[in-house]
Undergrad: 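Quick one: structure below, then a few questions.
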Amino acid sequence: MRGRPLLHTSYARDQAMMPTATKKAVLAVFLGLAALAPFASRIPLYPDFLGDNDWMKLLSHVAIFGIGALGINLLTGVAGQVSLGHAFFMGVGAYVGAVFGAPTGDLWGLGLPMWIWLPMAGVVPALIGILVGPAAVRVRGLYLAFATLALVFIGEWAWRNLTFITGGSFSGRSFPDFQWRWWKEEEPVVDFTTDSVWMGYAVSEEAKVYLMMVAFLVVATLLAKNLQRTRTGRAFQAIRDRDIAAEVMGVNEFRYKLMAFGISSGFAGVAGALFASFVGRQIPETWDLFLSVEFLAIILIGGAGTVSGALMGSAFVVILPRLVQDFTDALKQTIVGGEGTLAAVADVVVAVSADDSGIVHTLPGVGPGLSVFQLNQILFGLLIILFMILEPLGLYGIWVRVRNYWRGWPFTY
Amino acid sequence: MMGAVLSLGVIAQSGPSQFLGTIVNGVSLGAIYALLAMGFVIIFKATQVVNFAHGALATLGAYFTAVVAVDLNFPGRYIQGSPVLGWSISVMVALVLSALVGMLLERIFVRPMVGEELFSLAIITLGMHIVLLTVVTDLIGPDPRSIADPWGDARVELGFVIIPQTQIAQFVAAIALMLLVGLFFRTRTGVAMRATAFDQEAARAQGINVGRIFAIAWAIGAVLATVGGVFGSVYPRRVGVFPDTALLAMRAFPAIILGGLDSVGGAVIGGLVVGLAESLAGSYLNQPLFGTGFSGIVPYLLMMIVLFVRPHGIFGTGEVRRI
């Protein structure tokens, strides 16, 4: 069988999660590297900066968005139902998590441990998704996008007004800390909010959270990947590819669409709760249309319908602003530093003082030109457009082409 | 509708003048929604694009008006005598600019995607929305930009109701534009557009320049969005152009769903219904029962109800499912 990766002699093999040894090896190496990232500085040849605390935070952010992206990927990529309501369900999950997990205070909070509030943050949004689902699932195609758009706005109104849960627009509320307890006792079994030493290695607070998020992401990925291989997953894909044909073949369209909506909402809820707790304090406006669009962009940039695409997309969308930031900072240093062709070129593009006329200005506050944040927004919008026009399969499509190049080498096909 | 039913009891207490004022306000808001919805429907029918960037276009158009009428003061500095005439010309200039932007957007981002799925196009417009809105927000700056309408806060008293002059101007403009659009569909180009909307390939086979029709549709869409944006930025709604004028257009989406995605007449009626409902809710369904900002989501609630009862809208074409 070696050298013929596309030859499958049984259905089980065709549907195997890791059909080839190469895939297994690559995954093992990748997981190993991901798990070792917090100890980067101790490992020779491992990029040091990845172990820094701010990169740990960024990577945790990637993992959290990855969980959410897996959810919308199931609904939009696998089942073919375009949804703009992801942010709404993330909000539901976040506030359910807060009600169960945050300590009792001015706002509602039961102070229960994480093994209760995190699953609840998935279950409740899934149920709400199934409740409001019929309005959304009865309609097809673009009307679904509109219906879920309405959910986001209705949700924003609800969050602003349920001040006893959300804290309102001005202060927001704080969300439960990441602490593992069996029940409400004072001393947590594993505390993710302090630095400590594990097995002789110093592990920072950020690194601990990162490791936990990677673990959650692995579980979520397994769930999503396995769901695609079941009867349910095949029904989703049948609906996506041709809904009428699917129904003719005996797929109950309404039921499976509702199911896709519910499961996707559950993933969104968990991601929302993790995200809120990870950032610590959120205002109701966090769960707005832009967040929904961001998730749609993640799966489109990554490659709709594929699990690895959803994960690549999250990494891309989360890390890009940081790279842009670093790049502009570097340009700024070159300009302030003085000479060279690079500085001369950069000077036209980047403004470093208030009266400087560059397209991008690095000073916070008002000045001519775009701020780095605005530059990021524009890049983000342009990326959505460019990927749709030039590379509809997303990063996954690029990867497939690279892979096929090597697979066929030295032939081009 | 829901707002109307619930508020019947309250009207008796607050008196007819407030009620009539609410109705007038609702119709004027409805006219704005109708303009935005019409532009949207024309783009959708002619080019099969669901334009999520409509709000950004409206904001951009209103910003153009602010630049032409205030910053450049054109033609205000040449025409002293008649502020209404001067301002109208400024708006016209802004409309031309928006039409150009609309055509440009179509040419760069939409044309390469002809024949692709509806979703891909809709998502491209979402990307356009983000880019445009970011640019406009930066251009507008931290403070709202006045668009120097000649009426200010002057009002006319008609029996029970006091109507702001801007709203009268708005009725006139909206009705004129609706008539113009109606007339346009009877012209040669308009018929070509209807043919394109019906079947792109057949229209092409008949010698219709479909690309030109696309450009014209986007130009008209941008113009209608701009007028909506301009009237959404004057007294009594706003004191100038804010970046969140885009949200106003977002609330026009329910009007489109109500009327049906592909019905221009439906867009007008949908706009009026949504405007009235929002205005009534704003006057009669307030704190503490409904919370702050409830009127803003009334359009969406209405839309959800319509989607439940009649998924393709009141005037929209029902979907025929063929195997």
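No experiment lies behind these values; they were computed from the predicted model shown. Here is the naming used below: chain letters follow the sequence lines, and residue numbers restart at 1 for every chain.
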Undergrad: Is A/Ile378 in contact with chain B via its backbone, its side chain, both, or neither, using a 4.5 Å heavy-atom distance?
TA: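 Both parts, backbone and side chain.
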
Undergrad: At what distance, to the nearest 0.5 angstrom, does CD1 of B/Ile123 lie from OG1 of A/Thr76?
TA: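 Answer rounded to 0.5 Å: 8.0 Å.
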
Undergrad: Other residues, nucleotides and ligands only: do more than 12 of their heavy atoms fall within 6.0 Å of CZ on A/Phe254?
TA: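 Yes, enclosed.
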
Undergrad: Within the supplied structure, the quantity of interest is the number of heavy atoms (other residues, nucleotides, ligands) at a distance under 6.0 Å from B/Arg107 CZ; does it exceed 12?
TA: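 Atom CZ in B/Arg107 is not packed in, count stays at 12 or less.
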
Undergrad: What distance separates B/Ile297 CD1 from A/Arg160 CZ, expressed to the nearest 0.5 Å?
TA: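 The CD1 atom of B/Ile297 sits 9.0 Å away from the CZ atom of A/Arg160.
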
Undergrad: Taking 4.5 Å as the heavy-atom cut-off, does anything in residues 149-157 of chain A contact chain B, and if so which residues?
TA: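 The residues closer than 4.5 Å to chain B, in numerical order, are A/Leu149, A/Ala150, A/Leu151, A/Phe153, A/Ile154, A/Trp157.
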
Undergrad: At a heavy-atom separation under 4.5 Å, does A/Phe373 approach chain B through its side chain, its backbone, both, or neither?
TA: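 Neither part, no heavy atoms under 4.5 Å.
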
Undergrad: Looking at the rings of B/Phe52 and A/Phe146, which for Trp means the six-membered one, are their centres under 6.0 Å apart?
TA: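 Under 6.0 Å, so yes.
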
Undergrad: How about B/Met250 and A/Leu289: do any of their side-chain heavy atoms sit closer than 4.5 Å?
TA: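 In short, these two side chains touch, coming nearer than 4.5 Å.
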
Undergrad: With only heavy atoms counted, which part of A/Leu300 is less than 4.5 Å from chain B, the side chain, the backbone, both or neither?
TA: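 Looking at A/Leu300, just its side chain touches chain B.
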
Undergrad: Which residues in residues 84-91 of chain A have any heavy atom closer than 4.5 Å to a heavy atom of chain B?
TA: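 The residues closer than 4.5 Å to chain B, in numerical order, are A/Leu84.
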
Undergrad: Heavy-atom distance under 4.5 Å between the side chains of B/Ile130 and A/Phe290, does that happen here?
TA: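 The answer is yes, as the side chains (C-beta and beyond) meet within the 4.5 Å cut-off.
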
Undergrad: Walk me through whether B/Met128 and A/Ile384 qualify under side-chain contact (heavy atoms from CB on, under 4.5 Å).
TA: CA-CA 9 Å; B/Met128 272 160 45; A/Ile384 297 178; over 6 Å; no

Undergrad: Where is the tightest heavy-atom contact between A/Ile389 and B/Pro112, given as atom of each residue plus distance?
TA: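 Nearest pair, atom of A/Ile389 first, then B/Pro112: CG2-CB, 4.1 Å.
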
Undergrad: Is chain A contacted by the side chain of B/Ile124, its backbone, both, or neither, given a heavy-atom distance below 4.5 Å?
TA: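 For B/Ile124, backbone and side chain are both near chain A.
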
Undergrad: At what distance, to the nearest 0.5 angstrom, does CG of B/Asp138 lie from CD of A/Gln377?
TA: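 That separation rounds to 11.5 Å.
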
Undergrad: With distance as the sole test, does A/Asn161 use its side chain to make a donor-acceptor pair with the main-chain N or O of B/Thr292 at under 3.5 Å?
TA: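 Answer holds: yes.
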
Undergrad: Run the side-chain hydrogen bond (donor to acceptor under 3.5 Å, both in side chains) test against B/Arg251 and tell me which residues pass, sequence neighbours left out.
TA: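 B/Arg251: side-chain hydrogen bond (donor to acceptor under 3.5 Å, both in side chains) contacts with B/Tyr33, B/Glu278.
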
Undergrad: Chain A heavy atoms under 4.5 Å from B/Leu261: which part of the residue, side chain, backbone, both or neither?
TA: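 Both backbone and side chain.
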
Undergrad: Quick check on B/Val309 against chain A: is it the side chain, the backbone, both or neither that has a heavy atom closer than 4.5 Å?
TA: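 Contact with chain A involves the backbone of B/Val309 alone.
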
Undergrad: Just wondering, more than 12 heavy atoms not from A/Phe164 lying within 6.0 Å of its CZ?
TA: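 Yes - once you tally the heavy atoms of other residues, nucleotides and ligands closer than 6.0 Å, there are more than 12.
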
Undergrad: Of the non-hydrogen atoms in B/Met113 and A/Met388, which two are nearest, and what is the gap between them?
TA: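 Scanning both residues completely, I find the closest heavy atoms to be CE-O, 3.7 Å.
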
Undergrad: Applying ring pair (Phe, Tyr, Trp, His ring centres under 6.0 Å), name anything that partners B/Phe109, two or more places apart in sequence or on another chain.
TA: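 Result, ring pair (Phe, Tyr, Trp, His ring centres under 6.0 Å) vs B/Phe109: none returned.
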
